[in-house]
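Single-structure report; data block below.
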Amino acid sequence: MPELPEVETVRRQLAPLIRGAAVINARSHLSAKFTSASDAIGYTIASIDRRGKYLLVGLTNTTLESQPSNRELIVHLGMTGALYVDHAWPDDPYCRASWDFADGRTLWFRDIRRFGRVAVVPTGDHRSLPTLHHLGPEPFDPTLDGPRFHRSIAASRRRVKTQLLSQRPIAGVGNIYADEALWRARIHPGARRVGLARASALLNELRAVLLEALDNGGTTLRDYRTPDRSEGRNQFHLDCYGRSGRPCRRCATPLISRELDQRTTTWCPLCQAH
DNA sequence: CGGGGTTCCTGGCCGC
DNA sequence: TGCGGCCAGGAACCCC
């Protein structure tokens with residue numbers, strides 16, 4: 001379940017491998033989620049950025065006959081997506097898209113459950129990806145402070161956890177790091193009102209959790225791998241996610257798990273009381 | 001346009 | 001050993 005730390009780890013490994021590569025061919029799974037992969041043919045990879053959980057691969061037009069127009073290859077890893085660069089790859093039923101480079105190498109997008117997505121769009125035109133189009137600030141955006149984060153949260157009466165997962169108050173947070181940060185900030189995930197002080201604390205804990213996970217190379221629960229096929233190490237540092245029934249590391253009360261807005265959520269019933 | 005519900009996917013695991 | 005049932009869950013999509 002790649003969230004910001006996992007996607008950023010992938011970005012850092014991938015960037016030096018594919019920057020400057022010229023895409024000469026592409027193939028994809030027949031699902032519309034992947035078929036636009038071929039729109040990258042004829043373009044050269046100029047940059048590899050990230051917004052939230054989206055990888056943004058900058059493409060420069062290298063064909064002489066058409067008007068210069070730059071595009072963007074957008075990859076969302078979904079739940080089980082992974083990217084690899086290789087000269088060849090044995091038949092893999094889970095390869096959903098691939099791009100052949102002029103130098104003989106190929107970029108492979110493997111995604112067992114097909115929750116991922118590939119899109120090629122005119123640079124900056126994110127209208128076909130509404131969550132990206134309306135994406136909130138990056139966690140380490142210096143203009144994101146306690147008051148701004150609080151205003152964003154307070155503008156809606158939805159549960160605070162649901163708001164975090166919406167990507168609107170802050171970009172890149174998924175189920176794991178939402179539960180972890182709420183636990184650290186001692187905020188009930190179902191709270192519909194969060195004051196300025198607690199919102200500021202939540203922002204601080206989100207930043208800490210994401211930074212630590214990034215330092216640990218991300219969280220590998222099952223499928224997450226980096227382009228060099230290594231696993232993350234942050235799964236050994238989780239305090240809350242996946243620990244339902246086990247004692248809270250602060251107060252020893254057994255953590256509980258419930259479905260909140262169709263999302264499994266774990267929290268401490270004592271530390272994170274309403 | 002916000003909010004709520006539905007859907008897409010498949011491997012792993014559990015119980016019988 | 002085989003198999004049905006269930007679970008994980010981001011974000012597009014649809015409807016009110």
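Predicted, not measured: the structure shown is a model, and the values here were computed from it. A, B, ... follow the sequence lines: proteins, then strands. Residue 1 opens every chain.
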When A:L165, A:T162, A:T265 are each screened for side-chain contact (heavy atoms from CB on, under 4.5 Å) with A:L260, the one that passes is A:T265

The single option from A:Q167, A:R168, A:H126 passing side-chain contact (heavy atoms from CB on, under 4.5 Å) against A:H134: A:R168

Within the 3.5 Å criterion, strictly below it, is a donor on A:S47 or A:R19 matched to an acceptor on the partner's side chain? no

Rounded to whole Å, please give me the gap between CG in A:D261 and C1' in B:dG2. 14 Å

Roughly how many Å is it from NE2 in A:H76 to P in B:dC9, rounded to a whole number? 16 Å

Rounded to the nearest angstrom, tell me the gap between atom CD1 in A:I153 and atom P in B:dG3. 12 Å

Quick one, A:R229 with A:D86, criterion salt bridge (Lys or Arg N to Asp or Glu O under 4.0 Å). Give me CA distance, side-chain angles, the key distance, then yes/no. CA-CA 12 Å; A:R229 295 178 170 72; A:D86 263 318; 3.1 Å; yes

Is the shortest side-chain N/O distance from A:Q262 to OP1 or OP2 of B:dT6 below 4.0 Å? no

DNA chain B nearest-nucleotide lookup for A:R158 and A:K33: closer to the 5′ end is A:R158

Between which nucleotides of DNA chain C, read 5' to 3', does contact with chain A run, using atoms under 4.0 Å from its heavy atoms? C:dA8 to C:dA12

On DNA chain C, does the nearest nucleotide to A:S128 precede the nearest nucleotide to A:P2 from the 5' side, or the other way round? Give the residue. A:P2

So, taking the atom named CD1 in A:I170 and the one named CD in A:E138, what distance separates them when rounded to the nearest 0.5 Å? 8.5 Å

Can you tell me how far CD1 of A:I24 sits from CD1 of A:I41, rounded to the nearest 0.5 angstrom? 9.5 Å

Atom CZ of A:R159 and atom P of B:dG5: how far apart are they, to the nearest Å? 10 Å

Give one of base, sugar-phosphate or nothing for A:E3, where a contact means two heavy atoms less than 4.0 Å apart. nothing

Rounded to whole Å, the CD-C1' distance (A:E259 to B:dT6) equals 13 Å

Could you check whether A:S166 gets within reach of a base, just the sugar-phosphate, or nothing at all, counting any heavy atom under 4.0 Å? nothing

The residue, A:R222 or A:A155, whose nearest nucleotide of DNA chain B is more 5′ is A:A155

What contact category does A:T264 fall into here, base, sugar-phosphate, or nothing, at under 4.0 angstrom with non-hydrogen atoms? sugar-phosphate

Roughly how far apart are A:K161 NZ and A:N175 CG, rounded to 0.5 Å? 3.5 Å

I need the residues from residues 109-120 of chain A with at least one non-hydrogen atom less than 4.0 Å from DNA chain C; give them sorted by number, or say none. A:R113, A:F115, A:R117

If you look only at pairs with a residue in residues 188-241 of chain A, which of them pass as a ring pair (Phe, Tyr, Trp, His ring centres under 6.0 Å), with sequence neighbours excluded? A:H188-A:W267, A:H188-A:H274

Do other residues, nucleotides or ligands put more than 12 heavy atoms under 6.0 Å from A:R157 CZ? yes

